[in-house]
Structures are given as structure tokens and as C-alpha cells.
Chemist: 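Structure incoming, see below.
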Amino acid sequence: MGLNPFEFGVVFGKYRAHVFMILAQVGYALLFFITEASFNRGMSPHVYVTYRHIVSGIVMLPFAFFLERKIRPKLTFALFMELFVLSLLGISLALNMYFASLKYTSPTFLSSVFNTIASLTFIIAVALRMESLNAKSPKGMAKIFGTLISLAGVLVMALYKGPELKNLWSAPIHIPRNSLIHEEWLKGSILSVGTCITFSIWYIMQAMTLKRYPAQLSLTTWMSFLGAAQSAVFTSFIEHKPSAWTIGFNIDLWSVIYGGAVGSGLIIFIQLWCTEQKGPVFVTMFNPVTTVLVAFLAYFVFGERLNTGSIVGSVIVIIGLYLVLWGKGDDKKNPNTTQNSGEGREHNQEKNFNLGEKGDIP
């Protein structure tokens, strides 16, 4: 017997943050391959970041202006500088390193290393007392061991390749590769690690900024425009040829549109909402889902070779993910956790930007 509409609404209300984060990971998984195809055609990652966030800002601006005109806080100089730093960390700095590392490695490798963000964010959040941790309780132990297990899974995927699985059929979609670019794994690995550290700090800062500026659509829009401006200044020192800024009606254009509207618009908004509701650690713990999706698409759809080490590591990472999510299951009952600070945050639907009642479901 199925759930009646009321029961379904109760279940969805309880797990909607989980559903939205899984959908966000699906969007990110597709983004890996679209951008890789564009970069392999010769598009500059730095130009891509700039154009992508111009598109994001234009797409999100009307939603932010009309839907949040009554709840948007007054923008002071101090708050503007905070948004400027937030944009610098999460967009102009992190994404430029992120997509540059994709140019030198592969989607499967980068998505695997990207999972260390969850562990780094958890450590920083505990140090700043933004995450509750009682090491003597079963829930607290689940958080600790789950984080360590996820990190171990990432190390397995990065360090152990194992036998390759042969492709059983030809790839439905083929992405041309530049073999010379993908030989620079050391450069790509260094950039990947730097990206993970920067993103971890960015997620923590998001949670802090949302307390003073609890308007997710407006915050997404500000970060998009500020990040695009910062990236444009940086790119002007890297790309000296005017032709680098020219894109045609091809995969370059579609990657910019998809990356802007979905990657830097819709998904960032989802992450901000989930960060305010559940905290930064909850958001980052879903990154392993992207790894599994990327590995699946890479093997079955795009014809990339898949190693047994990637499969084993993915299973370990997912086990760790579920342990942490189980450990965080009762966090909303603890009034000391920052992500749920404020009396009745998840139940006071009139004071928060609610995804279920104001027609603003992503």
C-alpha cells in the first residue's frame, strides 16, 4: 500500500535536503564531461569560468530580485567585502584551479580526489565548533569513523588502480582527448589538492555568511557577478590573445550555458539552502555520489577504462558516507549545532526561504 499525499509530504519534508543534494550531484557529474569536451577542443578554463558566471548571474538575477525583495538584508560595506571574499574563494580562485586540473587529468580522477573536501570540511567545522561531536556516543563515533572510511576510500581510488575492466561494447558518446595535456598528472594533482582546501574553507564560510545574509538566491547572484569580475581580471593576465575569448555555436557555448545556469546557478542555490538547513558538512558528504556517477558514465556511456581500484574505493567511500549521514541524523535535536541554531529553524517555515511552500522549488 502506497503513501497517501499527507504521508508523502511528511517523508519528503524530512528528506528533501537529501533529494536535492543527490540531484545536485547528478548535475555535477554531467558537468565534468561537458567541460572536459570543451577544454579538449581548446577552450581556456579561465575564460570558461568567467563566461559561466556571467551566465549564472544573468539567469539568477530576476529570481533573486523578485522572490527575495522582502527578505533580502541591507547590503553594508562590511557585508559586501564578505561576499567579495566568498566569491574569491569559491569561484575565481577555486574554480580556476578546479577546471585547470581537469584539463591536466580526467573526470574520474578529479571527482575521486574531490571527496577529500568532506573530510577537510568536517575537521574545520569541528575545530570551529560548527559541528557537534560527542566522541563517546555511537552517533559521534559514526561521524569520526565514517569520515576516516570515506578518506580511505578516496586514497584507494587515487593510489590503487588494479586490473582494468574491459569495455563490453563501443561507447555511445566519444569525447576526443588531447593525450599531451593528460600526461601532466603531477600538475593536475597539485591543482586538485589546492582546490579541495579552498573549497573546504568556502563551504565553512558559506554557513557563516548565511547567518548575516539569509537570502540564497541573492547570495548566489552576488557570488556569480563578483566571481565573474574577479576571474575576468585574472584571465586578462593569463590569456593575452583576443581569440581566446571567442566561442562559437558549438560545445563551448553549451558548456558555458549549462555550467552557468545549472552548475553555478541552480546547484549553488541548492547547496546554500541545504547548508543553512543542515550545515556545510552535510553538503560536502554527498560529493562521493558524484564520483560513483562519473565512474558509471565514464565506463558505460563515454567508453573510458575503469579500474577495479575505482570500484573498490567507491564502495568504501559510500559506506563512510552512510555512516556520517546516520551520525548526523539526530543533529537537529541538538540545540548546540550551528547549522540548526535558532529556535525551530527547520519547523518555522515562515521565517526561512522554504522550498516547499513559496513556489521556489529548484
Chemist: Does the side chain of Phe282 come within less than 4.5 Å of Met21's, by heavy atoms?
Modeler: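 Answer yes - side chains close enough.
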
Chemist: Is the shortest side-chain heavy-atom distance between Asn96 and Ser231 below 4.5 Å?
Modeler: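 Sidechains of Ser231 and Asn96: in contact.
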
Chemist: Atom OH of Tyr51 and atom CG of Leu253: how far apart are they, to the nearest 0.5 Å?
Modeler: 11.0 Å

Chemist: Taking the six-membered ring for Trp, is the centroid-to-centroid distance between Phe63 and Phe269 below 6.0 Å?
Modeler: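 No, ring centres 6.0 Å or more apart.
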
Chemist: If Ile, Leu, Val, Met, Phe, Trp and Tyr residues are connected whenever their side-chain heavy atoms lie under 4.5 Å apart, and connections chain through other members, are Ile58 and Val55 in the same group?
Modeler: yes

Chemist: Assigning hydrophobic clusters by single linkage (Ile, Leu, Val, Met, Phe, Trp, Tyr; side-chain heavy-atom cutoff under 4.5 Å), is Val26 placed with Ile257?
Modeler: yes

Chemist: Any sub-3.5 Å donor-acceptor pair from Lys278's side-chain atoms to Val283's backbone N or O?
Modeler: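 A pair under 3.5 Å: no.
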
Chemist: State, with a plain yes or no, whether a side-chain heavy atom of Val294 is found less than 4.5 Å away from one of Phe33.
Modeler: yes

Chemist: May I ask you to test the Ile268-Gln271 pair for a side-chain heavy-atom distance under 4.5 Å?
Modeler: yes

Chemist: Enter the distance from Thr121:OG1 to Ile197:CD1 here, rounded to the nearest 0.5 Å.
Modeler: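 Taking OG1 in Thr121 and CD1 in Ile197, the distance rounds to 11.0 Å.
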
Chemist: Roughly how far, to the nearest 0.5 Å, is CG of Leu148 from NZ of Lys143?
Modeler: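 Answer for the NZ-CG pair, Lys143 versus Leu148, is 14.0 Å.
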
Chemist: Does the side chain of Ser56 pick up a donor-acceptor pair with the side chain of Ser264 at under 3.5 Å?
Modeler: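 No, no side-chain donor-acceptor contact under 3.5 Å.
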
Chemist: Kindly write out the residues that satisfy ring pair (Phe, Tyr, Trp, His ring centres under 6.0 Å) with Phe199, not counting sequence neighbours, or none if the list is empty.
Modeler: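 Phe199 satisfies ring pair (Phe, Tyr, Trp, His ring centres under 6.0 Å) with Phe114, Trp202 once adjacent residues are dropped.
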
Chemist: Looking at every heavy atom in both Thr50 and Ala232, which two are closest together, and how far apart are they?
Modeler: OG1-N, 3.5 Å

Chemist: Evaluate side chain to side chain contact (heavy atoms under 4.5 Å, CB included) for Gln25 paired with Ile22, printing each intermediate quantity in order.
Modeler: CA-CA 5 Å; Gln25 303 314 308; Ile22 291 175; 5.7 Å; no

Chemist: Give the cluster check for Phe237 versus Tyr48: same hydrophobic cluster or not, with ILVMFWY residues linked at side-chain heavy-atom distances below 4.5 Å.
Modeler: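 They do not share one cluster, since no chain of ILVMFWY contacts under 4.5 Å joins Phe237 to Tyr48.
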
Chemist: Locate the shortest heavy-atom distance separating Ala228 from Ile54; write the atom from each residue and the value.
Modeler: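 In terms of heavy atoms, the two residues are closest at CB-CG1, 3.7 Å.
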
Chemist: What about Val193 and Leu120, same hydrophobic cluster or not, with Ile/Leu/Val/Met/Phe/Trp/Tyr joined at side-chain heavy-atom distances under 4.5 Å?
Modeler: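 Yes: a chain of side-chain contacts under 4.5 Å links Val193 to Leu120.
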
Chemist: Restricting to non-hydrogen atoms, name the atom on Ala125 and the atom on Val281 that form the minimum distance, rounded to 0.1 Å.
Modeler: CB-CG2, 3.8 Å

Chemist: Would you please indicate if the ring centroids of Tyr213 and Trp222 are separated by under 6.0 Å?
Modeler: no

Chemist: For the atom pair CD1 (Ile149) and CD1 (Ile316), what is the distance rounded to the nearest 0.5 Å?
Modeler: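 These two atoms lie 9.0 Å from each other.
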
Chemist: As an exercise, state the distance from OG1 of Thr220 to CD1 of Ile270, rounded to the nearest 0.5 Å.
Modeler: 10.0 Å

Chemist: Looking at Leu210 and Gln216, what are the two nearest heavy atoms and their distance?
Modeler: CD2-CG, 4.3 Å

Chemist: Taking Glu68 for the side chain and Leu217 for the main chain, is one N or O donor matched with an acceptor at less than 3.5 Å?
Modeler: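 Pair found, side chain donor or acceptor close to backbone of Leu217.
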
Chemist: Under a 3.5 Å distance rule, please check whether Tyr258 uses its side chain to pair with a backbone N or O of Gly27 as donor and acceptor.
Modeler: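 Such a contact is found between Tyr258 side chain and Gly27 backbone.
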
Chemist: Roughly how far, to the nearest 0.5 Å, is the OG atom of Ser87 from the CG atom of Leu93?
Modeler: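 The CG atom of Leu93 sits 12.0 Å away from the OG atom of Ser87.
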
Chemist: Would you find more than 12 non-hydrogen atoms of other residues, nucleotides or ligands less than 6.0 Å from Trp245 atom CH2?
Modeler: yes

Chemist: Do the non-hydrogen side-chain atoms of Leu219 and Leu86 ever get within less than 4.5 Å of each other?
Modeler: yes

Chemist: Answer yes if Phe77 and Leu88 sit in the same cluster of Ile, Leu, Val, Met, Phe, Trp and Tyr residues linked by side chain heavy atoms under 4.5 Å apart, and no otherwise.
Modeler: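 Result: no, two separate clusters.
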
Chemist: Counting distance only, does the side-chain N/O of Arg52 pair as donor-acceptor with the main-chain N or O of Val256 below 3.5 Å?
Modeler: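 Side chain of Arg52 to backbone of Val256: no pair is present.
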
Chemist: Is the distance from the ring center of Phe234 to that of His46 below 6.0 Å?
Modeler: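 Yes; His46 has its ring centre under 6.0 Å from that of Phe234.
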
Chemist: Would you say Leu297 and Phe32 make side-chain contact, with heavy atoms under 4.5 Å?
Modeler: no

Chemist: Shortest non-hydrogen contact from Pro73 to Ala215?
Modeler: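 Answer, listing the atom of Pro73 first, then Ala215: CD-CB, 4.3 Å.
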
Chemist: Do the non-hydrogen side-chain atoms of Ile247 and Met43 ever get within less than 4.5 Å of each other?
Modeler: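 Yes - at least one pair of side-chain heavy atoms lies under 4.5 Å apart.
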
Chemist: Determine, stepwise, if the pair Thr76 / Phe80 fulfils side chain to side chain contact (heavy atoms under 4.5 Å, CB included).
Modeler: CA-CA 6 Å; Thr76 62; Phe80 176 80; over 6 Å; no

Chemist: Judged by atom type as modelled, is there a donor-acceptor pair below 3.5 Å linking the side chain of Asn40 to the main-chain atoms of Glu36?
Modeler: yes

Chemist: Verify side chain to side chain contact (heavy atoms under 4.5 Å, CB included) between Met130 and Ile204, making sure each step is shown before the conclusion.
Modeler: CA-CA 9 Å; Met130 298 180 65; Ile204 294 295; 3.6 Å; yes

Chemist: Between Gln230 and Phe84, is a side chain to side chain contact (heavy atoms under 4.5 Å, CB included) present by the stated rule, with each step listed?
Modeler: CA-CA 9 Å; Gln230 293 166 352; Phe84 184 88; 3.2 Å; yes

Chemist: State, to 0.1 Å, how close Met205 and Leu89 come at their nearest heavy-atom pair, and which atoms those are.
Modeler: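 For Met205 and Leu89, the tightest heavy-atom pair comes out as SD-CD1, 3.9 Å.
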
Chemist: Side chains of Ser200 and Thr284: closer than 4.5 Å at any heavy-atom pair?
Modeler: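 Answer no - side chains too far apart.
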
Chemist: Other than Phe66, what residues sit in its cluster of Ile, Leu, Val, Met, Phe, Trp and Tyr side chains whose heavy atoms are under 4.5 Å apart, directly or through others?
Modeler: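 ILVMFWY cluster around Phe66 also holds Phe65.
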
